[in-house]
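Some notes on the structure that comes next.
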Protein chains: 2
Amino acid sequence: MAVTIRDVARASGVHISTVSRTFSAPHLVNPETRSRVLATAEQLGYRPNRAARALITGRTHNIGLIVADIANPFFPPLIKAAETHARRRDYHVFVADTDEDPIVEAELVQALAKQVDGILLCSPRMSDDQIELLRREVPLVVINRLITGLPAVVMDVGQGAREAVLHLLGLGHRHLVYLAGPRGSWTNREIRRAAGATARAAGAELTVLGPNQPVEETGAAAAEAVLGTGATAVFAYNDLMAIGLLQSLQDRGVDVPGQVSVVGIDDIAYSVLVRPRLTTVANPTAAAGRTAVDMLLQHGDDGPAGQVTLRTDLIIRNSTGPGPYAPAVALNAEVAAHVKE
Amino acid sequence: MAVTIRDVARASGVHISTVSRTFSAPHLVNPETRSRVLATAEQLGYRPNRAARALITGRTHNIGLIVADIANPFFPPLIKAAETHARRRDYHVFVADTDEDPIVEAELVQALAKQVDGILLCSPRMSDDQIELLRREVPLVVINRLITGLPAVVMDVGQGAREAVLHLLGLGHRHLVYLAGPRGSWTNREIRRAAGATARAAGAELTVLGPNQPVEETGAAAAEAVLGTGATAVFAYNDLMAIGLLQSLQDRGVDVPGQVSVVGIDDIAYSVLVRPRLTTVANPTAAAGRTAVDMLLQHGDDGPAGQVTLRTDLIIRNSTGPGPYAPAVALNAEVAAHVKE
DNA sequence: TAATCTGTTGCAAACGTTTGCCGACAGGAG
DNA sequence: CTCCTGTCGGCAAACGTTTGCAACAGATTA
């Protein structure tokens, strides 16, 4: 049924090896022969069978991309960028969704292992040991998690959190809430640590609420709790939660940013569609996807690549405003220096 | 390096064919032998090589999923549902993004053809002829498009559009705008036709603005044009455009739904996060994804499956309100009957 | 007792490629 | 005319499976 290398060989009067070489090592075949083969191949509609090729070369030209939740708007831009970038390098991408379940995550890596040249693990929820084990079966690049010895690309949420907290302090807020993300998330720990350190250094109070599933519902549900703390500013694990909170506060008649300031993380497309527009820490997700693909693909040549950190940017929009205290302007530099060490 | 069927055979003292059968036809091997083989396989960490299996069986246990734009929030729920459903049936999914480009679309189908058992084509932008050609290379199931003889699952946007227009007419609007979607979209044509017919039957006016790229920017950019028409209600190709328009109108001080009513299509997650909450036609995208996978996988057994139409639902929220005319309540039934034929 | 059947296993070919090796041939140098 | 060198293309093995066929043993039937 399908046209194979053999059909092309027969039709153009050469041996199959010549056809093979025409495609995989063109310089080894006489230009004249080559063009003849190419012509008949084109005419017959021949396309190399990648599975067969993979069998002998050991390279599938496929990669796997495993994310916690495809429907979480944080991921699609990353998936899109990774896929486009991979395709440009003639790789196809398996995308899989773990539903935030570490067990499924591990199963997926194993199932995909034989079929890909490597796997991109986005914000994995597995334990370090687990990942350590899996990397022996298949090359891995991790996104948004740092594990010694493992190639990784992380977005520097710590820095982003620091900036965001400084922004809030600078506006005169002294009591903040961190609306935490899911258990097992490296990002969550980073944010919490950085935000905590920054607040502490400035003598401000930081209340942590969580852990929470990273969806808008939990953000909305947290409104009461947030108001209960008496804090005047909230920093959320992601934009989804921030937006949920934002709307929930407004629905209760709380003015944002008049009474409470809200900051998110990620800068998903919707953070600008909501009113007030959300102040947030922009994550370079597309760049992360591309970088991770690059690291995975060069993995074979030299040893495992290193760890790349991408900077994040605080984007100040309309969901943050002056707090009840004097703007701690002078404080900023001091605190920044303090925290940076 | 990787452990093969041969290693297992050697370690358990049987022939490779027995090992093979242990996995692919267990009933053909002695229970005792089977458990012994299974044990050593487990111990050695053997996993069948799908590429090799595919080579001989002709079934890859992979499917392709091609969408116009992964980052368009319409698609992720569909991708997620399809992937999860496919995986439950032991299939892996290649996801690819065409960036709304019909050329890329065709290339992708060809590139993926040899590597999958079938491809899901979501809202393709190619011509019917093009698709007709490609279906000879690989089994295809199309989503959101109707092509005679080709298995398809469509969401009945025509019905949704009808309902939405009737809703608007019932509220007392007599001049509507349809903010059109992209050229080449079957869905766009369906909506336009259904909305046009319904409006005409009721003696109302429908102005079409477009075609447009289906993103929020074009919705926002259309605000001036919409106001220029003097219409009091707008029906948009999708929620993204509706939301863009919504915010843009509000930014100009136009009250929604006081002065202008806005209706979207899709019911993406954000339509409920925006204020006012968006009235929209809910599309069963997850169900569509699952159904399409089912159709693709049973494709082999009997002939090409038929065409499935999924119903859509108008969800009335807060972006639509009374228009300047008397509510055309009595009209509704009459018009509905008229339009239904 | 011979013939037949059933259940279990081994053998080997096949799937569509790639690739190391070798021979054929041409042209240049001696 | 011989030898050498280099280019081109054929041969065949290999990749990890599946599967039709045959072999064999033991059980069943006539």
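Lettering of chains follows the sequences in order, A, B, ..., and the numbering in each one begins at 1.
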pair A:Val95-A:Ile70: side-chain heavy atoms closer than 4.5 Å | yes
Classify the nucleic acid contact of A:Thr57 as base, sugar-phosphate or nothing, counting any heavy atom under 4.0 Å across all strands shown.
-> sugar-phosphate
What's the closest nucleotide to the A:Arg21 side chain, out of D:dG16, D:dT18, C:dT19?
-> C:dT19
So what does B:Arg47 touch, heavy atoms closer than 4.0 Å: a base, only the sugar-phosphate, or nothing?
-> sugar-phosphate
Touch class at under 4.0 angstrom, heavy-atom based, for A:Tyr46 against every strand present | sugar-phosphate
Gap between atoms CD1 and P, on A:Ile5 and D:dG9 respectively (whole Å) | 14 Å
Please give, in whole Å, the distance from C:dT19 P to A:His27 NE2?
-> 11 Å
Return yes when atom CG of B:Leu133 has more than 12 non-hydrogen atoms of other residues, nucleotides or ligands closer than 6.0 Å, and no otherwise.
-> yes
Nearest of D:dG9, C:dT19, C:dT17 to any side-chain atom of A:Thr18?
-> D:dG9
Just wondering, do B:Ile63 and B:Phe94 contact through their side chains at under 4.5 Å, heavy atoms?
-> no
Given that B:Lys114 and B:Val29 both sit by DNA chain C, which one's nearest nucleotide is further toward the 5' end?
-> B:Val29
Give the rounded distance in Å between these two atoms: NE2 of A:His61 and P of C:dT18.
-> 11 Å
A:Thr33 side chain near D:dG9 phosphate (N/O to OP1/OP2, under 4.0 Å) = yes
Closest of C:dT17, C:dT9, C:dT18 to the B:Asn30 side chain is C:dT9
D:dG9 OP1/OP2 closer than 4.0 Å to side-chain N/O of A:His15 = no
Just how far, in rounded Å, is C1' of C:dG16 from CZ of B:Arg59?
-> 18 Å
Send over the distance from A:Leu28 CG to C:dG20 P, rounded to a whole Å.
-> 10 Å
Out of C:dT18, C:dT17, D:dT17, minimum distance to the side chain of A:Thr4 belongs to C:dT17
Just checking A:Ser17: base, sugar-phosphate only, or nothing, at a heavy-atom cut-off of under 4.0 Å?
-> base
Would you mind reading off the distance between A:Arg6 atom CZ and C:dA14 atom P, rounded to a whole angstrom?
-> 10 Å
Take atom CG of A:Leu44 and atom P of C:dG16, then tell me their distance rounded to the nearest Å.
-> 14 Å
Rounded to whole angstroms, how far apart are CZ on A:Arg50 and C1' on C:dT17?
-> 13 Å
Taking only the side-chain heavy atoms of B:Ile56 (C-beta and beyond), determine which of D:dG9, C:dT8, C:dA14 contains the nearest atom.
-> C:dA14
Test: B:Arg87 and B:Glu83 ion pair at under 4.0 Å | yes
How about A:His61 and A:Asp90: do any of their side-chain heavy atoms sit closer than 4.5 Å?
-> yes
Assert: residue with more 5' nearest nucleotide on DNA chain C, out of B:Ile16 and B:Leu55, is B:Ile16
Kindly say whether B:Arg125 contributes a backbone atom to a donor-acceptor pair with the side chain of B:Arg183 at under 3.5 angstrom?
-> no
